[in-house]
Undergrad: 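Supplied in structure tokens, the structure appears directly below.
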Number of protein chains: 2
Amino acid sequence: MPKKVDRQKRRTQIADALMRVAAEQGLEAVSLRHVAAEAGVSAGMVQHYFRTKDEMMTFALDVVRERNQIRVTDAVTHLGAAPSPRDLLQTIIRTLLPLDEVTRADGRVALAFLAYTAVRPPASAALREETEQMVGFIAGLLPCPDPENAAAGLLALMEGLGVYLLGGQYTPEQARRILDSHLDRLFAAAPDRSGETVTIRPA
Amino acid sequence: MPKKVDRQKRRTQIADALMRVAAEQGLEAVSLRHVAAEAGVSAGMVQHYFRTKDEMMTFALDVVRERNQIRVTDAVTHLGAAPSPRDLLQTIIRTLLPLDEVTRADGRVALAFLAYTAVRPPASAALREETEQMVGFIAGLLPCPDPENAAAGLLALMEGLGVYLLGGQYTPEQARRILDSHLDRLFAAAPDRSGETVTIRPA
DNA sequence: GGGTTTGCGATACGATCGCAACGGAAAACG
DNA sequence: CGTTTTCCGTTGCGATCGTATCGCAAACCC
């Protein structure tokens, strides 16, 4: 057969280049040739690994989601074995917010994809499922009444904070304060369960 | 001089066409010729009223913002002279959320522009100022402690709800419930001022 | 080692892009 | 009524787009 090439690895390298282009110049600057140049390869090679541009986009979108997933589980792991629900939530959400230059780049890509998929509904199925799962998980951590809606609201607040951070409308410190204030409210009105902790279990 | 043409009106007509294209096919489908075709005019005419594409985009962005502003003041006016702070907030935010097909179209445009300006920071100055003003206004309506952060959080929640609505991750009913639940929380823990009302005054 | 399969660079094609330039029609002004 | 100024449709240019296709080299199978 052919040369042994790690296909998945090459595809990821190309997706990385795509994300760099998208983060710096926006998604509309993403073209086969730009991505190829950014990746330091020929345009033909990009075409070899992605038969169509849309396939490349979809793959990159998956990579972004996967990276975020990893970031979260990493952060949670570093939190120790039995964090309080509030610390756990704060860590998760702070991890997902574009608070530094690195995560900002990712955030710009994610935002661009959001606008991209808003016109191509089928591409967002996985995203939808992920969100639903997240809502369920967070709801279980909240001591307040109506935890389902509170959890969904917390996620929405996170998303909005991300958007405003990228738009430069809120500073990172502001965003952190807003998040903390919101968590205060979520954990305030409830019966005191402040001693409780969460046991991390593998997904 | 020349034929008397209402320049501003023509520009708005073109911007309307732009928004229709952007809402249906995304911002990357917005080109001089597409917009011209959608508006039923020649490409040359579009060029006549906007020397560059970027000028057209910026103008359209302004129109979107202006429309939202009008929608809000309209809704608030229909609310009567002395609504409760909570009703006022609910109305404002529901007005800004993409809950029906019409506002969804606007929301898609706004989201596309958000991604657009994320890479062109200078274009978002007006947006930033508007948000700041809004935070101040909302903060004055909130009875809870830390009203500044709560207000900013409420706006972020709204933005996130909008994004999730456009992505089809939350349904309109869900979004309304989430918003109400959040408002419950904001107006719950406070000293009872439920009898108070807000006096609407002109901006 | 010949044949086959794959990796990948090169090139071409038709479409579309933003933009510039030209030209005529029409209206206001002298 | 002629001039001038604006309006705007047409056309063309160069660049770039996504995609199809070809060709060759390298590696694997037998």
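Proteins get letters first, then strands, A, B, ... in listed order; numbering begins at 1 in each.
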Undergrad: Where along residues 16-40 of chain B does a heavy atom come under 4.0 Å from DNA chain C, residue by residue in number order?
TA: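 Close to the strand are B:Val30, B:Ser31, B:Leu32, B:Arg33, B:His34.
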Undergrad: If the cut-off is 4.0 Å, is B:Thr52 near the phosphate of C:dC19, judged by side-chain N/O to OP1 or OP2?
TA: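 Yes, within the criterion.
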Undergrad: Using atom types as modelled and distance alone, determine if a side-chain donor or acceptor of A:Arg11 lies under 3.5 Å from a backbone N or O of A:Phe50.
TA: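 Here the side-chain-to-backbone pair does not exist.
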Undergrad: Within a 6.0 Å radius of atom CD on B:Glu132, are there more than 12 heavy atoms belonging to other residues, nucleotides or ligands?
TA: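 Not buried by this count: 12 neighbours or fewer within 6.0 Å.
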Undergrad: Send over the distance from B:Met45 CE to D:dC8 P, rounded to a whole Å.
TA: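 Distance check: B:Met45 CE to D:dC8 P gives 5 Å.
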Undergrad: Roughly how many Å is it from CZ in A:Arg11 to P in C:dG7, rounded to a whole number?
TA: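 For the pair A:Arg11 CZ and C:dG7 P, the rounded distance is 12 Å.
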Undergrad: Judged by modelled atom types alone, do B:Ser181 and B:Asp184 share a side-chain donor-acceptor pair under 3.5 Å?
TA: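 B:Asp184 and B:Ser181 do not have a side-chain donor-acceptor pair below 3.5 Å.
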Undergrad: Grab the CD-P distance between B:Gln13 and D:dC8 for me, whole Å please.
TA: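 These atoms are roughly 10 Å apart.
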Undergrad: Establish, with yes or no, whether the OP1 or OP2 oxygen of D:dA20 is under 4.0 angstrom from a side-chain nitrogen or oxygen of A:Arg51.
TA: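 For A:Arg51, the contact criterion (side-chain N or O under 4.0 Å from OP1 or OP2 of D:dA20) is not met.
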Undergrad: Please state how far atom NE2 in B:His48 lies from atom P in C:dA20, giving the value in whole angstrom units.
TA: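 That distance rounds to 15 Å.
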Undergrad: So, B:Asp16 and B:Arg67, do they make that salt bridge, N to O below 4.0 Å?
TA: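 Here B:Asp16 pairs with B:Arg67 in a salt bridge, since their nearest N and O are under 4.0 Å apart.
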Undergrad: Please determine if a side-chain N or O atom of A:Tyr49 lies less than 4.0 Å away from the OP1 or OP2 oxygen of C:dG7.
TA: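 No, outside the criterion.
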Undergrad: Just to verify, what does A:Arg94 make a salt bridge (charged side-chain N to carboxylate O under 4.0 Å, His left out) with, not counting sequence neighbours?
TA: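 A:Asp180.
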Undergrad: Can you tell me how far P of D:dC8 sits from CZ of B:Phe50, to the nearest Å?
TA: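 The distance from CZ of B:Phe50 to P of D:dC8 comes to 13 Å, rounded to the nearest Å.
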Undergrad: Does B:Lys53 reach the main-chain N or O of B:Val30 with its side chain, forming a donor-acceptor pair under 3.5 Å?
TA: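 Yes; judged by distance alone, with no hydrogens or angles, the pair exists.
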Undergrad: Taking the side chain of B:Lys53 as heavy atoms from C-beta outward, which of C:dC8, D:dC8, C:dC19 is closest to it?
TA: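 The answer is C:dC19, which lies nearest to the side chain.
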Undergrad: Between atom CE in B:Met57 and atom C1' in C:dG18, what is the gap in whole Å?
TA: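 That distance rounds to 12 Å.
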Undergrad: If you count every heavy atom of other residues, nucleotides or ligands that lies below 6.0 Å from A:Glu129 atom CD, does the total exceed 12?
TA: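 It does not: A:Glu129 CD has 12 such atoms or fewer within range.
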Undergrad: Give the nucleotide from the list D:dC8, C:dA20, D:dA20 with an atom nearest to the side chain of A:Gln47.
TA: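 Nearest to the side chain of A:Gln47 among the choices is D:dA20.
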Undergrad: Which sits closer to the 5' end of DNA chain D, B:Ala43 or B:Arg7, going by the nucleotide each is nearest to?
TA: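 Going by which nucleotide is closer to the 5' end, it is B:Arg7.
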Undergrad: Find the distance A:Glu55:CD to D:dG18:P and express it as a whole number of Å.
TA: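 So the two atoms are 14 Å apart, to the nearest Å.
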